[in-house]
Every structure is written in C-alpha cells, then in structure tokens.
2 protein chains.
Amino acid sequence: MRKRRGAGRPTIADVADKAGVSTITVSRALRDPAKVSAPLRERIDAAVRKLDYVPHSHASALASSRSNIVGVIVPSLTNNVFADTLRAIYDELEQGPLQVQLGNSRYVAAEEERLIRIFLGQRPAALIVAGGDQTPAARALLESADCPVVQVMEVDPDPIDMMVGFSHFEGGRAAGHHLLQRGYRRIGFIGARMDPRSRRRMEGFAEALRSAGRYDSELFMTTTRSSSTSLGAELIGALRAKRPDIEAVFCNNDDMALGVLFGCQHAGLRVPEDLGIIGFNDLEMMAAACPSLTSIRTNRYGIGKTAVDMIRARLDGDEPENRVVDLGFQLQERQSTVRRV
Amino acid sequence: MRKRRGAGRPTIADVADKAGVSTITVSRALRDPAKVSAPLRERIDAAVRKLDYVPHSHASALASSRSNIVGVIVPSLTNNVFADTLRAIYDELEQGPLQVQLGNSRYVAAEEERLIRIFLGQRPAALIVAGGDQTPAARALLESADCPVVQVMEVDPDPIDMMVGFSHFEGGRAAGHHLLQRGYRRIGFIGARMDPRSRRRMEGFAEALRSAGRYDSELFMTTTRSSSTSLGAELIGALRAKRPDIEAVFCNNDDMALGVLFGCQHAGLRVPEDLGIIGFNDLEMMAAACPSLTSIRTNRYGIGKTAVDMIRARLDGDEPENRVVDLGFQLQERQSTVRRV
DNA sequence: TTGTACGCGTTATCAC
DNA sequence: GTGATAACGCGTACAA
C-alpha cells in the first residue's frame, strides 16, 4: 500500500478503480460526457456519487495550466455601485465553469497592486479591475498577463486590454448642464471620498459651470471621508452655514444626495424650492424618495454583463469588435431639481 | 532543453537556477525566511525580483494539500447586511496569507449546495456560510469537510461546526414589544423576500403581539419579491388601502422601512403621528432620515470579525471556547416610533 | 472510444 | 542550513 500525503479525499483514481476504467476516462466523462460511451458514463457517475468525489481544482489547474478563476478587484464592498456590477458578473459567470475570486482594494492603489500580484499567481482565466488608475507596476503586470483583462466603470482611449464603463467627466458635466438649464445660478458640489472617478465627475461638473460663467469654488465642498447619508446631511449644513445663498447642489453619489435631502428636511428647508439636489448613479431609492431625487443613471449591471461577454469572447478565441465600450449614462429628472419660479 | 507545457511564466526552478540554489531552498526562503541563511536569502530575493516571479498557488495547494482560500457563501451581494459582514471578513482575512473566495447563492438552497461542492473542491482553508438552512446534502458535505466551518448571521443550538450571529426570532420579538410598549394597538408587518431569517423575525414579532392579544393576521403583508425602497412604499399603500386603521408597522428590513416612510410622505401622512415605523438592521441611513427611523441594530461587522477569529483559532490548533457565539442586537429608538398622544 | 506515460510547479520527507 | 527525491491529483499527447 502506497503511502499518501494527501488529505485522504477520494481521487479520480479511486473513482476509476470503482468504475473499472482508467483515470483518463473518468476525467473525460466529467468534463465532456459526450466523449465517453453511455454505459461507462453511468458506471462512472455512480462511482462518483457513491464516493462523493469532488474534483481537485488545484490539481486540474496545475495539469492544464489554466484555472477557472476570474479575479475581480473592486475598491469597495459596501458601495452599492460595485454591488450591482458584481451581481451581474456573478450572474453571468457562475452559469459556466468559471469561478469568481473577489478582492477588495479599499480604494488604495498599492493594495490593488498587491491583489493583482496574488491573483496572477492563480493563473486566472481572466481579470476584472475597476477603473484606470493602477500603479505603474500594476499596469505592467496586467499588460504582461497572459489572460484577458477588463477595466470596468470607466472609459479611456488607452486601455490595458479591454474596457467597459462610461465617462465620469461627461456625467459630471451633464449634471452641471442640467442645473444650469433649470435656471439655477449659485450651484455647489458636495463630494465624499473623492477617489479618481469622483474627482473626474467633479471636474466635468466644474467645467460645465465654468463655461457658463457660474463656477464658484466657495460652493464646492469635498472631504476624503467615505460617503454616507449622515455625511451628506452634515456637509450641506456646513455649506449652507458658509453660503446660505446656495441654490442647488450636485452630490458625488446618491447616498450623499439622500443625506442632503434629510439634512434639508431636518433644517426645515424645502426641496426643491429652497435647494435643488442632484445625485449620481441613480440607485433604486432615488425614485422612491419624497421628493423624488434627480440623478445620473449609470448602467452598472450592464457593465458587469458586458465585461463577462468580452471575456467569454476572448476565451472563445474571438476578438471583441471594440476594446473600449462606452455604456453611457442618462439623466433622470425628478422633483428635486424642479426650479422654483 | 526540456519541453514545457506551461504558460512560460518563471517557476521556482528558474529562481533556484539564477540564485544557484535548489528549489526547496527557494521555497523555504519564500515561506519562512528564518529557515534560510541571510546571504542565500538575499540572492534568492534578488532573483525573485529580477524574474518577477510569482508563486503558483495551485501547485502549492496541490503539493501541500492545503490552500489558502477561505470560501464565503452569501445569499446576496446587493444586500447591505451581508456587505458589512463581508467587509469585516476581508478586513480581517487579507492581512494574513488567506484569500477570500466569494459565492452568491441568490437565496437558493440548491445553488448554495452547488457552491459548497465547488468550494470543497478547492480544499479550502475554511468555509463561511450564511445561516442554518442548508439542504441535508449540503449539511452532510460541510460536516465531513476537513476544515473549519462557520455559519454566520444566526445562532442555533446545533451548529455544523461553529456559528456566530444573533436570534432573528428574538429580534422580531423585541420589535413587537417595543411597539406595544409605545402604546400602539393595531400593529402590522411588512416583509419582502421572506427568506428563512426574515420569516423567523416575523414569527418572533407575531409571538410578541399574540402574547399581548394584539396579533391581527390581516395587518401582516408579505411578498417573495426582493426588498427595495419602492416596494416598501408600495406595500404600505396596499396595506393602508385594506386597513386604514393601522397604527404602526414593523418592516423586515431597513430598505423597506425607508420605503414606508417615503410612501407615507407621498401620501401626506405624518410619521410617527399617523404611522409608527420600525425597521431591522439599523443601516447607517436610519439615523439620518427625517424623521429618524427606529430599528433593531445588528452587529454585522462584528459577526464577520468573530467568524474570522474563530477560524484563525482553529487553524492555529486552538479550540474556541464557545462553538456558538450570540452577538445579540440592540433596539435603537428614534423619532419614527414616538407614539402620538 | 479507451488507455499509457509523463509533466504541471510546488512541498514533505529524509539524508547530509 | 541545504539538497535529492518522490509525491500531490489531474490533463495532455500519443498510442492502441
């Protein structure tokens, strides 16, 4: 009897013994049943069930030098924005043999680089990362990775490999144009976290105001604290204390916008009569709020789905038509930006 | 020159060649630097950097019959409740050498079983699953798994291995007691999704009302649709259409509670004067809302942290004092349940 | 359609 | 402290 180091779980050889076939036949029966004759297939299936055999994915990955893992690295787990994209990735991916491995970079580029290094060690089937602000080393690693790489949530003319998202700059600009069109004059901005994407939204927004001669830096208030509803309420209070004449505000995300609404209500201000509010992302609650809240709708689920489609295509040997897909955004006008007369 | 099937990335043998040592020395230098003399260690580190060598985790897992993967299976990615626990797990786990592999069961027990099977195929270092409602087959798989298993979000006298959470039944009961104490009489319930945990909350709530002779099944409204803010608004509308005399409502989660608040505001009802509202989980927005919303606070981050602590202890050979840890909950009384005079 | 021989990259074991 | 050798469990290549 051979000495064994392993954990004692049944192996493909045990199944083969029990079914009276060779290991390779079991291997084939499991991965591509059509390649094995019906009677053998049944004997093998029975043996698998009886032994409760589970294939050892690491051994498989090692032998085939290819794993079924798709690494996904997002900056935040609690941010609903990524949750929707993640949900799409899981929905699409778990149909097939592919498995998701999720990393949380906590909005820290060095942490993202560390995770990329670790994930690459798994020889992943593909990699999905957020945005285009990797460290130079991380970018180099990804460029030399021998698997599809998709950057999500943004668009950029110079992707590492493939990219799907939308322009945050343009989204911010659209928010600015909307408030201007509604007739607002003293227009402010409230931003938390201020990661690169939030920053680009702010820049697009400022650009819109500037081109209309309405940019007033005093009405812009940002913090690196992470966004939350209560922070939105807090910041609008601070902003109004400084500049009570503010007429409308763009929030860098919907949680902040909701907080601004609550802050106004607690202060006895009417929305939109006393203050116009526009958010970003259009989470589900925005339409339900009272008053309903204007926002920039982004196609977060579509981004995840498209990312997986691109990966699938590449894995199937096809080349996607466009390496960069812009899914755009839509302004959702609601009660919170109806200009007072 | 030997023929190679692999993807061509540098291997530990390449590093060994470059450093003029054997592979096992490189292996040791990487895993436990103290076991290798300083000069060799430096030569090896230099070679690693020069080749940009990344260890092949699958080969390592195969050889050691132990991976550094902790499988985590949750029913939902978009539900903030799990997001907080996940964040804790990531925060705790990614410090060390352990990696998270996340599965999404979509509230489907069969899907959970499938994921458990797949994860077990990775010979994980540990497994974390939600709740105690696994299929019998899944439970059997977990019981025979040769790794620590932690069930989170609930407590149960009969855990598979270890467990950390709180009693949903008691949480529901506390909500009922609170409304009764506040003097509410016609008390209702609104529940979406109605997964096992929501169901237990409802049962505890009903139990509290029943023991006070205040249970009225007509005031209970549930749906299997997934919870959302707009659904909360919709359901309170339907419930009030049927029973305009309703005085207070317990929502099975905070999203629904916020939706009920919005629904009331849209309908011109005052909260808490015309309707008392209490939610469950106490998400961050509950305190910021106007009026602020009463809820049952649960320690979701603590649950994730404790789960990892238990795993760490077991992996280090220690046995945790208690196999079941009840982290409890706290009633957060706010404006939304201040009884009208 | 089925089987044999061997390699995948790493680590455990045992010797030096 | 360091090294030679043999597993780890499975898939590829080629033969039958």
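Chain identifiers are assigned alphabetically (A, B, ...) following the order of the sequence lines, protein sequences preceding nucleic acid strands; residue numbering begins at 1 within each chain. Everything quoted here is computed from the prediction, not taken from an experiment.
Distance from the side chain of L40(B) is smallest to dT2(D) among dT2(D), dT2(C), dG9(C). Of the candidates dG3(C), dA12(C), dT2(D), the closest approach to any side-chain atom of R31(B) belongs to dA12(C). Listed candidates were dT10(C), dC10(D), dT12(D). Nearest to the side chain of T11(A) is dC10(D). Checked against dT10(C), dC10(D), dG3(D), the side chain of I24(B) finds its nearest nucleotide in dG3(D). Among the nucleotides dC10(D), dT13(C), dT2(C), the one closest to any side-chain atom of R28(B) is dT13(C). Out of dG11(D), dT2(C), dT10(C), the shortest distance to the side chain of V36(A) is found at dT2(C).
At a threshold of 4.0 Å, the pair R117(A)-D52(B) counts as salt-bridged, since one of the basic side-chain nitrogens sits closer than that to a carboxylate oxygen. A salt bridge does not link D146(B) with R123(B): none of the charged nitrogens is closer than 4.0 Å to a carboxylate oxygen.
For the OP1/OP2 pair of dT2(C) and a distance below 4.0 Å, the side-chain nitrogens and oxygens of R41(A) include no atom meeting the criterion. In this structure, R66(B) does not reach the dT10(C) phosphate: none of its side-chain N or O atoms is under 4.0 Å from OP1 or OP2. Considering only side-chain N and O atoms, S60(B) lies under 4.0 angstrom from the phosphate OP1 or OP2 of dT11(C). Look at S37(B) and you'll find a side-chain N or O under 4.0 angstrom from OP1 or OP2 of dT2(D). At dG3(D), one or more side-chain N or O atoms of S22(B) fall inside 4.0 Å of OP1 or OP2 (strictly under the cut-off).
Side-chain N/O atoms of S27(A) and R31(A) include a donor and acceptor closer than 3.5 Å.
Dense packing is recorded around CZ of R312(A), with more than 12 heavy atoms of other residues, nucleotides or ligands lying under 6.0 Å away.
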